[in-house]
Chemist: 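Quick one: this structure, given as structure tokens, is what I'll be asking you about.
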Amino acid sequence: MGRFDEERSEMIGLLRDRLITDEKILRAMGTVERHLFVPEPFTNRSYEDNALPIGKGQTISQPYTVAFMTQALGVRPGDRILEIGTGSGYQASVLSVLGAHVFSIERDLDLLAAARKMFDRLGYRIATKGGDGTVGWNEFAPFNGIIVTAGAPDVPAPLTKQLADGAKLVIPVGDRKSQALLVLTRQGEELIRREIEGFKFVPLIGKMGWQ
Ligand code: SAH
């Protein structure tokens with residue numbers, strides 16, 4: 001038994017209560033040890049349903065948000081998934097445990113180094129790159145899903161271009177204070193759009209993001 005096993009299973013109960021129904025996601029989030037991605041002095045609060053500071057003015061997303069976005073993305077084992085905003089590495093780890101081939105981009109090289117260290121320690125095989133993710137990662141496109149974990153002023157065009165047919169782009173779009181979560185599904189040349197209000201992310205900073 002790990003130190004936080006009980007807290008983690010309580011968190012899963014909470015996600016169920018909040019209508020996260022995908023058992024594979026609940027199982028993956030029951031496996032990944034979120035407390036390893038949360039720095040001191042916040043480690044003891046790792047299994048509360050809150051975003052927490054990870055340094056450099058950034059945050060690890062709230063567990064509910066991770067579960068909701070992952071569910072919206074519709075991940076299947078073997079999918080190639082691009083994440084923009086590695087941050088702590090927690091969301092990427094959940095996707096990896098779900099059986100996705102994860103490609104993750106982070107602009108802050110210190111955060112990226114810490115996340116990579118944790119991936120190695122836990123044996124998660126995740127491809128990472130330091131830099132501006134708003135232009136995507138063309139070398140490995142098309143992706144079966146793209147998830148952006150920082151809030152954008154608009155949908156970056158390069159990301160929609162790197163979606164495979166039938167794939168989804170999940171991205172918070174709005175002003176700097178609050179965003180709606182957009183779920184865009186590529187169908188041939190068309191993008192089908194669904195929108196869920198009421199999210200709050202740190203800003204996506206880059207060429208196709210905030211300045
Ligand atoms: N998915 C992360 C959440 C991190 S918060 C987790 O599970 O912990 C969002 C992250 O996006 C921050 O680390 C921030 O540095 C990064 N970010 C912001 N703009 C970016 C950009 N244009 N390209 C790549 N990363 C970016």
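Just so you know, ligand 1 is whichever comes first in the structure, and atom 1 is the first atom listed for that ligand.
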Chemist: Consider only side-chain N and O atoms of Gln91 and Thr70, and report whether a donor and an acceptor are under 3.5 Å apart.
Modeler: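 Note: Gln91 and Thr70 side chains meet the donor-acceptor criterion.
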Chemist: For Arg80, does its backbone N or O pair with a side-chain atom of Asn144 as donor and acceptor, under 3.5 Å?
Modeler: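 Yes; judged by distance alone, with no hydrogens or angles, the pair exists.
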Chemist: Using modelled atom types and a 3.5 Å cut-off, is there a donor and acceptor pairing between side-chain atoms of Ser96 and backbone atoms of Ala92?
Modeler: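 No.
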Chemist: Between Thr43 and Val38 (side chain of the first, backbone of the second, donor and acceptor by atom type, cut-off under 3.5 Å), is there such a pair?
Modeler: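 Yes, the answer is positive, given that a donor and an acceptor are paired below the 3.5 Å cut-off.
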Chemist: Indicate yes or no: does Glu23 engage Arg16 in a salt bridge with an N to O separation below 4.0 Å.
Modeler: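 So Glu23 pairs with Arg16 through a salt bridge.
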Chemist: Salt bridge check: are Lys117 and Asp120 linked by an N-O gap of less than 4.0 Å?
Modeler: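 Judged by the 4.0 Å cut-off on N to carboxylate O distance, Lys117 and Asp120 do not form a salt bridge.
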Chemist: Please tabulate, one line per pair, the protein N or O atoms found under 3.5 Å from any N or O atom of ligand 1, giving the distance to one decimal.
Modeler:
from     : atom 1 : to     : atom 2 : distance (Å)
ligand 1 : 1 (N)  : Glu83  : OE2    : 2.9
ligand 1 : 1 (N)  : Gly85  : O      : 2.9
ligand 1 : 1 (N)  : Thr149 : OG1    : 3.1
ligand 1 : 7 (O)  : Gln91  : N      : 3.1
ligand 1 : 8 (O)  : Ser88  : N      : 3.0
ligand 1 : 8 (O)  : Ser88  : OG     : 2.6
ligand 1 : 13 (O) : Glu106 : OE1    : 2.8
ligand 1 : 13 (O) : Glu106 : OE2    : 3.3
ligand 1 : 15 (O) : Glu106 : OE2    : 2.6
ligand 1 : 19 (N) : Ile205 : N      : 2.9
ligand 1 : 22 (N) : Asp132 : OD1    : 2.9
ligand 1 : 22 (N) : Ile205 : O      : 2.7
ligand 1 : 23 (N) : Gly133 : N      : 2.8
ligand 1 : 25 (N) : Arg107 : N      : 3.3

